[in-house]
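A quick write-up on the structure given underneath.
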Amino acid sequence: IDIITDGLKTSAKLGLIAAFLALIIGVVLGAIAALRRNTFFDRVIMVLTTALISMPSFIMGTLLLVAFAIKMHLLPANGSTAAGLLLPVITLMLYPMSYITRLTRSSMLDVLGQDYIRTARAKGLSENKVITGHALKNALIPIITVISLQIPSLLSGALLTETVFVWPGIGRLNWQAVQNRDYPLIMGIVMILATITLIANLVADICYAVVDPRIRY
């Protein structure tokens with residue numbers, strides 16, 4: 001339990017920062033892409049997110065490591081210092097951020113075509129109120145689902161990301177336990193991650209009701 005707790009604390013610091021940045025940046029970029037549909041900004045955002053989703057995390061982490069730590073000497077090669085958090089966080093957040101961006105764009109385009117959006121505009125509401133108060137809020141339902149599914153993997157530190165940056169989190173700990181055939185440690189980690197998954201799903205269900213008043217339990 002002590003070993004798992006130490007690893008979880010280390011991974012949680014990395015995962016929570018990555019999850020927060022992925023959610024904020026993903027929603028903002030997705031909303032911009034939807035509002036600027038078929039423009040230059042939309043195409044650039046879609047091309048970049050497609051590339052980032054297609055690239056495995058260990059390749060992205062290795063490229064960032066070589067570029068910023070080995071070639072430019074701008075950042076440490078591991079997360080032993082505060083500055084060393086930057087590369088692992090970026091590597092960990094790129095995939096969920098890209099996925100959330102594409103999902104937000106798709107959801108926003110669907111919501112912006114609904115009758116109540118046209119009604120809100122016809123009633124004279126400002127565009128900011130239409131977007132933030134009606135469109136974006138109703139587009140958050142699928143995004144909440146995705147982020148609730150991503151949080152357990154982000155909190156586990158994404159095994160490959162922790163391995164590339166030698167980050168002593170629960171993902172790397174799980175890999176070492178598998179290599180050493182440490183079955184009690186493996187079962188303990190699996191139980192902890194399963195519990196985190198259940199809690200994340202519960203929080204997502206509660207958030208559904210907060211975002212959409214039509215949903216009641």
If I take atom [atom1] from residue [X] and atom [atom2] from residue [Y], how far apart are they, to the nearest 0.5 angstrom?
X      : Y      : atom1 : atom2 : answer
Asn201 : Ile144 : CG    : CD1   : 12.5 Å
Ile196 : Met191 : CD1   : CE    : 12.0 Å
Met60  : Thr62  : CE    : OG1   : 10.5 Å
Met46  : Leu29  : CE    : CG    : 8.5 Å
Leu202 : Cys207 : CG    : SG    : 9.5 Å
Leu140 : Ile100 : CG    : CD1   : 10.5 Å

Minimal non-hydrogen separation, [X] against [Y], with atom names:
X      : Y      : value
Leu52  : Met97  : CD1-CE, 4.1 Å
Leu64  : Ile90  : CD1-CG2, 3.8 Å
Val89  : Leu14  : CG2-CD1, 3.5 Å
Ser98  : Ile53  : CB-CG1, 3.5 Å
Leu21  : Met93  : CB-SD, 3.8 Å
Ser107 : Ala139 : OG-O, 3.0 Å

So, does [X] use its side chain to make a donor-acceptor pair with the main chain of [Y] at under 3.5 Å?
X      : Y      : result
Thr10  : Gly169 : no
Asn174 : Ile170 : no
Ser106 : Leu103 : no

Could you tell me whether the side chain of [Y] reaches within less than 4.5 Å of the side chain of [X], counting heavy atoms only?
X      : Y      : result
Leu112 : Leu35  : yes
Leu16  : Phe20  : no
Arg181 : Tyr183 : yes
Arg105 : Asp42  : yes

Residue of the set Ile59, Val66, Leu65 for which side-chain contact (heavy atoms from CB on, under 4.5 Å) holds with Leu63: Ile59
Could you state whether [X] and [Y] fall into the same hydrophobic cluster, counting links through intermediate Ile, Leu, Val, Met, Phe, Trp or Tyr residues with side-chain heavy atoms under 4.5 angstrom apart?
X      : Y      : answer
Leu198 : Ile4   : no
Leu109 : Val146 : no
Met187 : Ile1   : no
Ile24  : Ile32  : yes
Ile186 : Trp175 : no

Polar side chain donor-acceptor pair, Thr50 to Arg102, under 3.5 angstrom: yes
Between Tyr208 and Thr145: side-chain donor-acceptor atoms closer than 3.5 Å: yes
Evaluation steps, side-chain contact (heavy atoms from CB on, under 4.5 Å), between Gln150 and Tyr95: CA-CA 10 Å; Gln150 291 289 334; Tyr95 176 82; 3.9 Å; yes
Residues Ile143, Leu23; criterion side-chain contact (heavy atoms from CB on, under 4.5 Å); working and verdict: CA-CA 9 Å; Ile143 300 167; Leu23 178 62; 3.9 Å; yes
Ile70, CD1 atom: more than 12 neighbouring heavy atoms under 6.0 Å: yes
